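The structure appears right after this line, and notes come after that.
Proteins come first, then strands; the chains are lettered A, B, ... in the order of their sequence lines, and each starts at number 1. Quantities reported herein were computed from a predicted structural model and do not represent experimental measurements.
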Amino acid sequence: MTERFDHKRIEAFWQEAWEKDRAFSSSPSNDREKYYVLEMFPYPSGKIHMGHVRNYSIGDVVARFLMMKGKNVLHPMGWDSFGLPAENAAIQNNIHPSKWTYENIANMKRQLKGLGLCYDWDREVATCAPEYYKWNQWIFLRLYEKGLAYKKLSLVNWCPGCSTVLANEQVIEGACWRCSSEVDAKELNQWFFKITEYAEELLQCTYKMPGWPERVLTMQRNWIGKSIGAEIEFKVKGAPESIRVFTTRPDTIYGVTFLSIAPSHPVVDKIASREKISEIKAFSDKLKNKTKRDIDLLEKQGIFIGASCVNPLTGEDVPVYASNFVLMEYGTGAVMAVPGHDQRDFEFAKAYNLPIKVVINPSDSALNPETLDKAYVDNGVMSPLTPFAGMSNIEAIDEILKILEQKGLGKKTINYKLRDWGISRQRYWGCPIPIVYCEKCGVVPVDLKDLPVILPEDVSFTGKGLSPLANAGAFVNTICPKCGSEAKRETDTMDTFVDSSWYFLRYCSPKELTLPFDKADASYWMPVDQYVGGIEHAVLHLLYSRFFTKAMRDLGLIGFDEPFKNLLTQGMVCKETLKCPEHGFLFPEEVKAGKCVKCNKAVSSGPVEKMSKSKKNIVDPDRIISEYGADTTRLFSLFAAPPEKDLDWNEEGVEGCYRFLGRVWRLVLDNIEFIRDVQKYDPQKDGSLRVPTPLYPTDPTKHDPHKDDSFQRKAEIMDIHTLTHRTIEKVTHDIEERFHFNTAISAIMEQVNALYLFIGSMPVEKLETNGLAKKVLRESIESLILILSPFAPHISEELWKRVGSLTPLYMTRWPDASELALLKEEFTLIVQVNGKLRSKVIVPVGATEADVRPIVLNDAKTKEWINGKSIRKFVYVPEKLVNIVAG
RNA sequence: GCCGAAGUGGCGGAAUUGGCAGACGCGCCAGAUUCAGGUUCUGGUGGGUGAAAGCCUGUGGGGGUUCGAGUCCCCCCUUCGGCACCA
């Protein structure tokens, strides 16, 4: 009886051994090439979910593989531990956010260790620790000093029911997530980081980042939203003011029939007629209180403000409208309206009976504004109504800009959609902003030597009113660092995205006391060679981190431009949902025989969706790990789909992986006597034993144990040798070049299947006496254990020890595929007749067309298909196939 | 509306450069082992047709390029993701 595969005992044993050996600790070294593998650190919400398992399994394979490849690998882990859920827990369960957070960290750390992930835990960081957030404050002050952090009035979401500010994420369809009151827009003084200063560089670098997925780069480019156009000044008729508009289509200026401005545009107060001002104000307020979605549904609306401007080129009067579709935040808050060539303006002109002018025509026809049913937005030729009749509109842009520039009424401009990053949060559980407000000195930064500004523990959580910090007198009341008189601290905390914008640098020297990180350590380890995380951070975290890197470079802290060389965005973990017509989503245990246990109605299986509590389709990693083990859990999460695709969770697939590991276990233990003390087969020394080998799988009659012919036996043994090295080659390539762990695992499975067949076809006494078989078997099993180890490290370590290795597996080199073993003397040539597979022939490697032609044409099957027809073409693809065109 | 990704057996997915479509796993079917269930081992499994060998057909749909297309080009359909009055 083979010893049972006891995953619990094995996994506990090796996890302890790795920890005791400090197997994965890292330090800079000049004799090995560095490699920094990073997975996005988790928010300590309480326990890990399958998304974490997947994310960290991917990173772990990369890290373990590269360690075995001899790289000096940095693979750290930490906690993004400031944030709102901790505060909610405080309000709901009367537990301090700090306690809640650290308990969660302890539990999740236990879970990550239970997965056998190869982290250097000596580098662990938690962003809520003063030793960490001190440096947040330090960076903030350096940015402030550089003018990259500033304060300004801006709109926030205000809940009148809770009398507090809400984050955008807390506003659900325009209402408070907690009390459902309608959320107002409110103007507050907020701190900002000047990310817009880097808009152009952030954009340009996206074209030089081949290691990032194209779709993430596209999303970032869209988010930055560069558009090239012109700013044009329209003088107000009968008033000293003028209105500046931004347009990407200066070529349409001759078609302007009105101007549209944002209702909140400051010019309204100056030029609108008295009776209109209050109407426009009301219109503007109404818009502010609507969520984006609602505005989308609104029709084009506007109010004539009672004033007109003059078209700088035609001198025509253009009435000014306050319109609901013009945003104050973009461009200049004013647009020139060209109904003939812009669809929004067209709709507005139709609704308000404004003239439509065509100034650009398609190259082959002339448009009639009377009969136009939509705006003509394509390129074309300038119409006779303009001074550039017949010229292409693209060329006309430069001509028009020249005239405007001469008149001093326009110039080329670039606009970005990217806004400065508002980092103030009216919350407690975050990093305090190190600023003091003094009546005499105004805004005063805290001295660097006085950092950190410690977040006070002794505060009360009511969920009402201002941030708990604002009520913490001992915190708020302080002394002005400049003049020493009484002053008050800033009570807002920083957005938690600030914490995560530089944590990858802190990992390089997590215990550094004088700076956020040691410059030499950072320049050794950085940039991150491989970053792995979810697509949900495509813009936010990944853009902020890029910005921070550039800003810190300009502060002289680092000497590189981009933080993450290669990025892998893994797909979501999904599962089928179950839905009862009466009770909605159900947990699997609420369904018996396809019926809801509450109402006995038939339950339909809903769509496969991302695992979430509300959809009741979550699978708890703890349960899976305890039932099947960490190795199986990791293996399944890597085998079920390629990493960037969504993964469908199904328990039968998990069982399949468990079965596979059991199969490996038995394969090794059942044959351990044959291989334990045998020397490995070395093709360099034993190369003379090589015999011509057909491709695997070979003729099934060969597996007949009674038909023992030593030549055939030898060929069969050598097939295993070849397969072993082909598998090493494929697995190495799949991990290294493609991150296709699913195909790497399937190749290992194929090797296992082949070994079972080989052993099954070989009588025991043969195995015992055949030296070559033993050697080849040992080599194959050894290499199997090694290449399986990044995926399933515990079982691999255990088997590695069992086959008699003295050093632990994690200290062992990754096997190399022997080129000699991969050499073939013959290969199977595919024979196609008229593009269809008709036969196969064995030919020597390196055969030329002249060598192959007679062999193929004499092949009986091929002859049959050619059937006397004349051969019109003979296509030979060396080492692959021939295609005979006959007819 | 714009941008992007994808569409292959009952299911998850392979096919790296245009060259044997469906590797591997799940499920299902059969045989062996077992007192029995489970386990384990072996074989089969796209569809059509056939006793079988085999033949025909087949990668969302339609066209094209090519000796040869899941892969390249054009048009269309569907699904998912992102952005969305950005002037």
Side-chain angles (χ1 to χ4, degrees), chain A residues 2 213-223 225-227 229-230 245-249 252 260 292-293 295-296 298-300 323-327 329-338 342-345 347-348 415-418 535-536 538-539 571-572 576 607-608 635-636 639-642 644-657 659-660 662-663 666 700 703 730 733-734 737-738 740 742-750 752-753 756-757 760 828-840 872-877 879-887:
Chain A
T2 315
E214 197 52 41
R215 80 176 160 142
V216 173
L217 294 174
T218 308
M219 278 164 79
Q220 293 212 351
R221 284 176 204 138
N222 289 343
W223 190 263
K226 180 180 184 176
S227 69
V245 302
F246 174 72
T247 179
T248 54
R249 292 290 303 272
T252 63
S260 284
K292 270 187 176 169
R293 288 285 149 221
I295 296 171
D296 284 349
L298 284 178
E299 275 176 50
K300 306 278 172 283
S323 312
N324 66 350
F325 61 90
V326 179
L327 307 172
E329 305 84 59
Y330 187 77
T332 58
V335 293
M336 58 182 219
V338 190
D342 180 282
Q343 187 58 24
R344 286 159 308 181
D345 298 339
E347 283 167 30
F348 192 90
N415 251 304
Y416 301 91
K417 285 186 216 169
L418 185 68
I535 186 75
E536 65 273 19
V539 174
M572 298 180 298
E576 182 193 57
V608 175
L635 195 68
F636 176 75
F639 177 63
E644 65 279 2
K645 277 187 121 179
D646 286 353
L647 180 155
D648 279 11
W649 187 269
N650 85 313
E651 200 108 351
E652 280 147 350
V654 179
E655 275 169 26
C657 288
R659 271 204 290 274
F660 166 70
R663 223 164 127 75
R666 288 185 300 276
H703 294 300
K730 172 153 178 67
H733 180 260
D734 280 354
E737 308 289 326
R738 309 200 303 162
H740 279 205
N742 54 333
T743 53
I745 294 165
S746 75
I748 299 173
M749 287 172 169
E750 283 181 76
V752 170
N753 292 345
Y756 264 86
L757 289 182
T828 308
L829 182 72
I830 305 301
V831 181
Q832 293 183 339
V833 178
N834 289 332
K836 289 192 173 170
L837 172 70
R838 295 306 182 192
S839 186
K840 295 176 186 184
R872 288 206 296 229
K873 203 162 182 178
F874 188 94
V875 182
Y876 176 52
V877 184
E879 319 281 288
K880 274 205 177 112
L881 56 64
V882 295
N883 188 14
I884 299 160
V885 187

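- When the C1' atom of B:rG19 is taken as reference, atom CG of A:Leu881 falls 4 Å away, rounded to whole Å.
- Of the listed nucleotides (B:rC41, B:rU40, B:rG43), B:rG43 has the atom at the smallest distance from the side chain of A:Leu757.
- Atom pair A:Ile745:CD1 and B:rG25:P shows a separation of 12 Å (rounding to whole Å applied).
- Nearest-nucleotide assignment on RNA chain B puts the 5′-proximal partner with A:Thr218, out of A:Asn834 and A:Thr218.
- For A:Arg659, a side-chain nitrogen or oxygen approaches OP1 or OP2 of B:rG27 to under 4.0 Å.
- Annotation: A:Phe325 is in aromatic contact with A:Phe348 [ring centroid separation under 6.0 Å].
- As a whole-Å value, the separation of A:Lys873 NZ from B:rG68 P is 8 Å.
- Side-chain atoms of A:Lys880 stay outside donor-acceptor range of the base of B:rC20, with no qualifying N/O pair under 3.5 Å.
- Pair assignment for B:rU16 gives none, since no Watson-Crick or G-U wobble pairing has each distance under 3.5 Å.
- You'll find that the side chain of A:Arg215 is closest to B:rG4, out of B:rG25, B:rG4, B:rU57.
- At whole-Å resolution of the value, CD in A:Glu655 and P in B:rG38 are 13 Å apart.
- Nucleotide B:rG9 is shown with a syn base, its glycosidic torsion being within 90° of 0.
- Closest to the side chain of A:Met749, from the set B:rG19, B:rG25, B:rU40, is B:rG25.
- Sequence order on RNA chain B of the closest nucleotides to A:His740 and A:Asp345 puts A:His740 first from the 5' end.
- More than 12 heavy atoms of other residues, nucleotides or ligands lie within 6.0 Å of CZ in A:Arg221, so this atom counts as buried by the packing criterion.
- Across the strands present, B:rC28 finds its partner in B:rG44; the criterion is a Watson-Crick or G-U wobble pair with both atom distances under 3.5 angstrom.
- Side-chain to base pairing of A:Asn883 with B:rC67: one donor and one acceptor N or O lie within less than 3.5 Å of each other.
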